Amino acid sequence: MYLSKLEIFGFKSFPAKTVIDFSSGVSAIVGPNGSGKSNIVDAIRWVLGEQGDKALRSEKRDDVVFSGTSKRKPLSVAEVSLTIVNNKNVLPTEYSEVQIARRFFRSGETEYYLNGTKVRLKDIRSLFMNTGIGPDAYSVIELKMIETILSHVKNERRKMFEEAS
Amino acid sequence: MYLSKLEIFGFKSFPAKTVIDFSSGVSAIVGPNGSGKSNIVDAIRWVLGEQGDKALRSEKRDDVVFSGTSKRKPLSVAEVSLTIVNNKNVLPTEYSEVQIARRFFRSGETEYYLNGTKVRLKDIRSLFMNTGIGPDAYSVIELKMIETILSHVKNERRKMFEEAS
Amino acid sequence: ARERFLHTFEEIRQNFIRIFKELFQEGDEANLKLVYDEDEDGKISDDPLEAKIEITAKPRGKRPTSIELLSGGEKTLTAIALLFAIYLVKPSPFCILDEVDAPLDVANLGRFNRMIRKFSEKTQFILITHNERTMESVDTLYGVTMQEPGVTTIVETRFK
Amino acid sequence: ARERFLHTFEEIRQNFIRIFKELFQEGDEANLKLVYDEDEDGKISDDPLEAKIEITAKPRGKRPTSIELLSGGEKTLTAIALLFAIYLVKPSPFCILDEVDAPLDVANLGRFNRMIRKFSEKTQFILITHNERTMESVDTLYGVTMQEPGVTTIVETRFK
Ligand SMILES: Nc1ncnc2c1ncn2[C@@H]1O[C@H](COP(=O)(O)OP(=O)(O)OP(=O)(O)O)[C@@H](O)[C@H]1O
Ligand SMILES: Nc1ncnc2c1ncn2[C@@H]1O[C@H](COP(=O)(O)OP(=O)(O)OP(=O)(O)O)[C@@H](O)[C@H]1O
Ligand SMILES: [Mg+2]
Ligand SMILES: [Mg+2]
């Protein structure tokens with residue numbers, strides 16, 4: 001099972017539809033400071049159901065929608081879709097490929113999609129239950145989180161162990 | 001004015017007396033992970049009067065004293081001394097060189113020295129008043145502090161401005 | 001639930017000790033312990049589901065210390081060892097690491113990239129990095145840029 | 001005290017705008033603003049000594065945003081620009097930077113090292129780094145090692 005395609009449109013610094021085809025092995029995303037690398041990571045966390053503004057480095061919910069540049073107007077919708085190849089039947093469905101999508105309108109509405117059909121967040125969460133995939137599972141790690149994993153205080157560590165048992 | 005010599009003995013990972021002669025320009029300290037680079041920075045903060053355990057990455061006061069290895073016994077005293085060349089008469093004294101030292105015994109006593117004479121912490125602080133030198137002045141910066149300098153919350157930023165005015 | 005948790009904990013602990021030795025050098029050791037809290041009355045609870053998980057690390061020749069006293073690079077490597085110890089018990093289909101290799105020196109960077117390669121049979125890795133050595137060790141490289149200010153575009157993909 | 005603070009603030013602000021342009025690229029702008037808080041009764045205090053200092057940054061072509069929305073590397077560079085803006089008003093005799101260059105890409109690393117060189121007339125710099133390009137740009141290099149496990153020794157000093 002692996003992430004095979006990510007499509008971003010109107011999310012953060014992606015005003016034009018952008019497609020990334022991922023391979024299953026080890027890949028790296030490189031580029032200058034501020035060019036949008038961590039925004040790609042935020043897009044993956046977001047489509048997996050991340051609800052916290054802080055985890056998406058935003059101050060308010062609509063900070064995820066493209067806010068415009070000196071040459072482009074701000075957009076009113078952010079949309080991300082992620083295709084997952086289900087080759088090891090980890091996901092509880094007979095589809096060999098699963099596509100999840102999330103859309104957010106500046107007016108405040110959020111829509112979730114599973115293989116093109118509108119669903120609720122609960123349905124996305126139950127699809128990924130016990131698979132190690134999800135916005136807060138230990139599959140997305142940034143340098144700042146290293147302190148959290150190691151610190152007693154927030155007991156993030158317990159969460160990692162509970163997810164695994 | 002610049003730091004010309006640092007002598008460390010019994011502080012953190014320095015069981016044997018170690019001397020570093022600094023030059024006035026730009027220097028770099030390099031070496032493998034865990035080899036003692038940040039311990040040198042802690043020694044400078046400590047001799048300048050740093051009182052906080054957290055700022056010295058310690059859990060208790062005697063964590064600064066060499067705690068031993070499989071081949072060496074723990075020591076009972078930590079001592080750091082710093083020589084500062086006062087060539088621009090920034091420091092309010094006629095000496096062209098000033099040496100400050102700090103000693104800590106596992107029993108809990110702390111001693112401060114100024115040019116070889118025992119003094120109190122207050123005397124060290126008043127020597128450096130308004131010079132931009134001191135444990136919490138903005139002269140020692142690590143990567144984690146970048147978030148603090150930029151964040152509204154702790155208003156560390158105000159402190160920087162007040163120090164400068 | 002208790003039995004399962006204790007069983008998983010023991011498996012992760014064994015993995016952590018082994019992986020820590022691989023990521024660090026000869027003679028470096030580490031361990032995981034369940035620490036039971038005292039409640040207000042001083043009674044020690046024996047419920048593993050409530051206990052804290054303590055990490056102790058003993059880099060080569062040093063005395064066992066709490067991980068708070070380790071250096072920046074040692075802490076990063078310890079957290080990675082723990083993450084992989086858990087992945088051995090429950091592999092995650094993918095793992096995204098955003099500049100986690102920044103604090104590592106050249107030698108540890110090599111060990112880190114070799115470990116990633118080893119785990120990439122079960123887990124897909126996407127690494128964000130500025131380290132040229134990490135860029136050389138991956139299968140596919142995606143370049144991003146903001147040629148038009150404020151707009152991210154994907155420039156080129158290089159396959160090995 | 002108020003007059004002095006306002007005067008210093010204005011000087012730092014001018015410096016910050018100039019240095020930010022040098023550290024970032026053409027077209028990047030930044031500013032500092034004093035933001036007066038409202039107290040419980042909604043009255044706005046006019047005491048500059050109580051006000052918050054707000055940083056706004058506007059990287060090339062982007063809209064002015066709060067610094068929270070900048071990237072890791074952009075935040076580091078902004079903090080450095082602020083530090084140097086203050087040093088211009090009140091130089092600090094020495095400055096120790098512990099792995100502050102880690103999040104920077106190759107281009108920003110060059111600008112960072114050039115800025116350090118410029119300020120080194122008034123301020124002594126001691127940099128802890130794993131970046132080979134930073135090592136090449138300094139006057140003196142001190143190597144540390146733990147050949148004997150747990151014991152730090154200074155190995156060699158290289159003068160340029
Ligand atoms: N809603 C938005 N609309 C437009 N641009 C945005 C939006 N949110 C964030 N950005 C821009 O994205 C940039 C940050 O991108 P990102 O954090 O992905 O950089 P990065 O490539 O990870 O850089 P670094 O190497 O420094 O970590 C910022 O400059 C910010 O202005
Ligand atoms: N009181 C002490 N006695 C003996 N050793 C100590 C003491 N305090 C800290 N240490 C050791 O010093 C080491 C940390 O050194 P330091 O943080 O300076 O590393 P560093 O060179 O900065 O590494 P990095 O490149 O990873 O930041 C730890 O391994 C720790 O065990
Ligand atoms: Mg980033
Ligand atoms: Mg360090």
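Everything numeric here is computed off the predicted structure, so don't read it as measured data. Here is how names work: the chains are called A, B, and so on, in the same order as the sequence lines, proteins then strands, and each is numbered from 1.
For a residue to count as touching a neighbouring chain, one of its non-hydrogen atoms must lie under 4.5 Å from one of that chain's; by this rule C:Y87 touches chain A with the side chain only. A:R45 does not touch chain C: none of its heavy atoms, backbone or side chain, sits under 4.5 Å away. For C:H7, no part sits under 4.5 Å from any heavy atom of chain A, backbone or side chain. Looking at A:T131, only its backbone comes within 4.5 Å of chain C, counting heavy atoms on both sides. Heavy atoms of A:S23 lying under 4.5 Å from chain C belong to its backbone as well as its side chain. Only the side chain of C:I12 comes within less than 4.5 Å of a heavy atom of chain A; its backbone N, CA, C and O stay farther away. Only the backbone of C:E121 comes within contact range of chain A, with at least one heavy atom under 4.5 Å from a heavy atom of that chain.
Side-chain contact check for A:S27 versus C:Y142: some heavy-atom pair is nearer than 4.5 Å. With a 4.5 Å cut-off on side-chain heavy atoms, A:P32 and C:M146 do not count as touching. Put simply, the side chain of C:T152 does not reach to within 4.5 Å of the side chain of A:S35, judged on heavy atoms. Contact annotation: the side chain of A:I141 approaches that of C:L83 to within less than 4.5 Å [non-hydrogen atoms, C-beta and beyond].
Of the residues considered (C:T8, C:I96, C:T129, C:I86), C:I96 shows the highest number of contacts with chain A, using heavy-atom pairs under 4.5 Å.
Between C:F94 and A:F22, the distance separating the two ring centers is not shorter than 6.0 angstrom.
Within residues 70-78 of chain C, the residues approaching chain A closer than 4.5 Å by heavy atoms are, in numerical order, C:K75, C:T76, C:T78.
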